[in-house]
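Below is one structure, written out as structure tokens, with a few remarks after it.
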Amino acid sequence: MDDVSHILDDLNEAQREAVTAPVSDLLVLAGAGSGKTRVLVHRIAWLLAVEGASPWSILAVTFTNKAAREMRGRIEQLIGQPPGGMWVGTFHGLAHRLLRAHWREAGLPQGFQILDADDQFRLVKRLLKQLEIDDARWPPRQVMGFINARKEEGLRPQHLDDGGDFYQRTLLRLYTEYEQACKRGGVIDFAELLLRAQELWRNHPDLLAHYRERFAHVLVDEFQDTNAIQFAWLRLLTQGRGNFFVVGDDDQSIYGWRGARVEHIREFQQLYPDARLIRLEQNYRSSGNILNAANALIEKNASRLGKRLWTADGDGEPIRLYAAFNEIDEARFVIERVQQFIDEGHRRDEAAILYRSNAQSRLFEEALRQAGIPYRVYGGQRFFERAEIKDVIGYLRLIVNRDDDVGFERAVNQPPRGIGPRTLDALRAHARDFGCSLWRAARELIDGGRMASRARNALLGFLELIDACDEDGDARLDERVESVIEASGLVAYFKKSRDGRGEDRIENLSELVEAARGFAATYEAESDEPDVLTAFLGLAALEAGDTQGAEHEDCVQLMTLHSAKGLEFPLVFIAGVEEDLFPHRMSAEDPERLEEERRLCYVGITRAMRQLYLSYAETRRLHGQETTPTPSRFLRDIPPELIEEVRAVAPVSRPWSGAGGAGLAEVGFQLGQRVSHPRFGEGVVLNAEGQGRSARVQVNFETSGSKWLVVAFANLAPC
DNA sequence: GATTTAGACATTTTT
DNA sequence: TGTCTAAATC
């Protein structure tokens, strides 16, 4: 046996047990920060080194491209060479690969293209219009959600009952029409990738047998995030095979609303009864107080498999809680602490500000900008999703496949070339009547000679443009992309635009050419890839690129709690810990969704390594409305002894504007001043309003919390 | 075809 | 309150 000490040296007992377990079905329940991915990576190295597994026989699945990249990188680092032959990727990426290799058996055209969420949305919208269905009763988003949810359950229209009522029947009809439209255009959406891949194996036992034979080892990360179709796909590959290694954490399941089912973990235990269960409970990330808070919080959830994290570390600093006057004060406080942290000599990217919803980022951005602290917001628009990029992609798709209506609609009048709504309506009507693509409809209408000559010429010009672009098929990918951009007239169009973003757009277009150059350089023709252009388009759809550049820069990190999963930071702020915001109002009714919110809070807390700040505002402007939220119930789930309340020290010059707002002097107290009350004891003045006899102050009492008191009656004394 | 204006609406997001 | 989309108007 080779020396395997490098694989095992830095592992604890439980990790080692998981890594070295004999090949069989195995479930690793791994808590936050317990070295989950590590175990997976080391397991693969172990299989290669000790079990004599060939890289060829290993399939490792993750959810995001980022996770897949990281896994590949770490495997390479550990075994000292790129993992050639191994299948490491996302569910969608692997399904795509499978379908490219077996397009015929999957019933797809060879050059099939992938619809991203935006393409899908447009298609649904177009369909609603075409079928003259009221988009107020059937909002495109909901229709899309319906279709995706059904596909994620593995259900085709023919499996579904029309429910008898008109609403359901219409949805079903839309689903059917949508499928036909996709088929005509030779396109498939994200959910379809998975469903097709599963059907491919189910309907072709020979193919399935081949892959079952090949993949002697199947490993899955973040198993709690699998949806029904993903699990079904994995089951085909692994059931009765004794080769299924899954890692997951039921407490970190936060994507239920996207079809992920935690129950799959339990189901796993039933379907793979011989599976060994290993728990990883030692946490290497957070200090004791943070961990205890997380444990206490998550214990309030009823449906859990049970797990308690511990650390060999000390208690560390207490968790700090700040009750802000309002959302502006909250941002001020957070940024002040961030600044302090930076002044202590820490890197900016060691600090993260987390929030429940994206809208909350604005105030923090403003405060950071004011303070001159560089920051990065995650979750913005991504490169391949930019309008101008998608325009070019539209042309490219049309070049690959003339019947791709989604590409056609995108490119046909962008830049404007005189093909207006009337011409397009005629095209759509013809396409619908004859069940053909827009491209063919255009051809037929032109040839039929029943068109106004101006529209006819414009349309003909477009068709010829696409055909011409198709001729230099032998050129390098980036040259092709470049000439398409050139021929399309987009650059000239953006140059003319005076909205201030034209230059940006043009720059993005040349970046696209660069991306194509880079892709072509690394692309090695694989037998299952038809051509470079198709492969490039697949990449554009499946890996939409990063949200923002400047990744290398040292920036304070701003993101939602969801996108923080899998990350860690020495200093973490969780802002807006208020009822209706977190847990979100829309989840408050349903106990299951509430548990998911709590898990989300658990995820947030466990991101913190050394310092954790929680904050809420006592008044908050929400949708232009002044609200007075109550502190989140999650705060009550954390034992008070772990929390240190940060005293409100108000800036002296805090503007106290607004009609009817009393100057504090007028009330007789100052913001931040300590006062005592005969019954409530001592506290700090937080806020004031009204004047004269109706003047009220808000006082945060040490023992009984914050209260509004009418000054005239309260008998407050400075102390 | 561009620009303005009114109205709706406001979790979380990857692929 | 701020953003986004669609209709209305130039």
Side-chain angles (χ1 to χ4, degrees), chain A residues 61-68 89-96 114-122 125 129 135-136 139-141 145 148 151-152 188-195 197 222 225-227 229-230 253-260 327-328 354-363 365-366 378-382 384-385 413-422 493 496-499 538-547 559-566 576 580-588 590 593 596-597 599-601 603-604 620-627:
Chain A
V61 196
T62 64
F63 279 82
T64 64
N65 290 304
K66 199 171 135 212
T90 63
F91 279 102
H92 296 268
L94 298 174
H96 180 226
I114 300 166
L115 295 185
D116 70 13
D118 181 63
D119 296 329
Q120 189 186 22
F121 182 72
R122 283 160 190 264
K125 230 163 98 175
K129 201 164 183 180
D135 63 357
R141 289 241 164 262
N148 289 338
K151 287 190 182 186
E152 271 154 16
I188 69 179
D189 59 47
F190 287 137
E192 185 78 25
L193 278 170
L194 302 174
L195 186 49
E222 305 275 19
D225 286 338
T226 49
N227 67 31
I229 195 71
Q230 288 162 340
S253 161
I254 55 174
Y255 286 110
W257 50 278
R258 221 170 59 189
E327 75 280 4
I328 297 168
L354 311 182
Y355 34 78
R356 174 69 237 264
S357 56
N358 281 313
Q360 286 169 260
S361 76
R362 224 193 77 246
L363 287 158
E365 290 183 63
E366 271 169 25
Y378 285 76
Q381 235 207 351
R382 311 197 340 213
F384 283 105
E385 285 167 0
N413 205 32
Q414 181 68 9
R417 49 172 68 86
I419 304 172
R422 291 194 47 164
Y493 171 67
K496 270 195 311 193
S497 84
R498 297 184 294 329
D499 66 350
L539 172 98
L542 287 174
E543 294 194 44
D546 278 314
T547 44
M559 66 191 86
T560 62
L561 288 151
H562 279 92
S563 27
K565 195 169 90 162
D580 288 355
L581 211 56
F582 190 30
H584 197 274
R585 172 191 284 273
M586 313 212 78
S587 306
D590 179 352
R593 298 181 67 177
E596 182 155 315
E597 295 273 324
R599 290 194 291 268
L600 188 57
C601 189
V603 167
R620 179 181 294 273
R621 251 203 132 78
L622 210 59
H623 312 316
Q625 218 69 48
E626 204 69 48
T627 61

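In the text below, chain A, chain B and the rest are named by the order of the sequence lines, each starting its count at 1.
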message = Pair A:Arg356, A:Glu597 - check side-chain contact (heavy atoms from CB on, under 4.5 Å), show working.
response = CA-CA 9 Å; A:Arg356 174 69 237 264; A:Glu597 295 273 324; 2.4 Å; yes
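Counting any heavy atom pair closer than 4.0 Å across all strands shown, A:Asp189 reaches no nucleic acid atom. Among the protein residues, A:Gly89 comes within range of no part of the nucleic acid, since none of its heavy atoms lies under 4.0 Å from any strand. Using a 4.0 Å heavy-atom distance criterion, A:Glu222 is classed as making no nucleic acid contact. Residue contacts for A:Asp225: at a heavy-atom cut-off of 4.0 Å it reaches no nucleic acid atom on any strand shown. Across all strands shown, A:Ala117 has heavy atoms under 4.0 Å from base atoms, whether or not it also approaches the sugar-phosphate. Here A:Ser587 lies in heavy-atom contact (under 4.0 Å) with a base.
At a threshold of 4.5 Å between non-hydrogen side-chain atoms, the residues A:Leu193 and A:Leu542 count as touching. A:Ile254 is listed as a side-chain neighbour of A:His562, based on a closest heavy-atom distance under 4.5 Å. Between A:Thr627 and A:Arg621, every side-chain heavy-atom pair lies at or beyond the 4.5 Å cut-off.
Partners of A:Ser357 according to the side chain to side chain contact (heavy atoms under 4.5 Å, CB included) rule, which considers only residues two or more places apart in sequence or in another chain, are A:Gln360.
With B:dG1, B:dT14, B:dT12 as the choices, the nucleotide that has an atom nearest any side-chain atom of A:Asn413 turns out to be B:dG1. Counting only heavy atoms from C-beta on, A:Tyr493 has its side chain closest to B:dA2 among B:dA2, B:dT15, B:dT12. Closest to the A:Pro416 side chain, of the nucleotides B:dA2, B:dT13, B:dT15, is B:dA2.
Taking CZ of A:Phe190 as the reference point, atom CG of A:Asn148 lies at 10.0 Å (rounded to 0.5 Å). Going from atom OG1 of A:Thr62 over to atom CD of A:Glu222 covers 9.0 Å, rounded to the nearest 0.5 Å.
Distances shorter than 4.0 Å separate some side-chain N or O of A:Asn358 from OP1 or OP2 on B:dT13. Proximity of A:Ser563 to the phosphate of B:dT13: a side-chain N or O atom is located under 4.0 Å from OP1 or OP2. Within the structure, every side-chain polar atom (N or O) of A:Thr90 is placed at least 4.0 Å from both OP1 and OP2 of B:dT14. Between A:Asn65 and B:dT14 there is no side-chain polar atom (N or O) within less than 4.0 angstrom of OP1 or OP2.
Across the C1' atoms, C:dT5 and B:dT12 are found 22 Å apart, a figure rounded to whole Å. Comparing the P positions of B:dT13 and C:dC4 gives a spacing of 15 Å, expressed to the nearest Å.
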Readout for nucleotides 1-10 of chain C: B = base within 4.0 Å of protein heavy atom, S = sugar-phosphate only, - = neither; 5' to 3' it is BS---S----
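With a cut-off of 3.5 Å on both pairing distances, B:dT13 has no Watson-Crick or G-U wobble partner at all.
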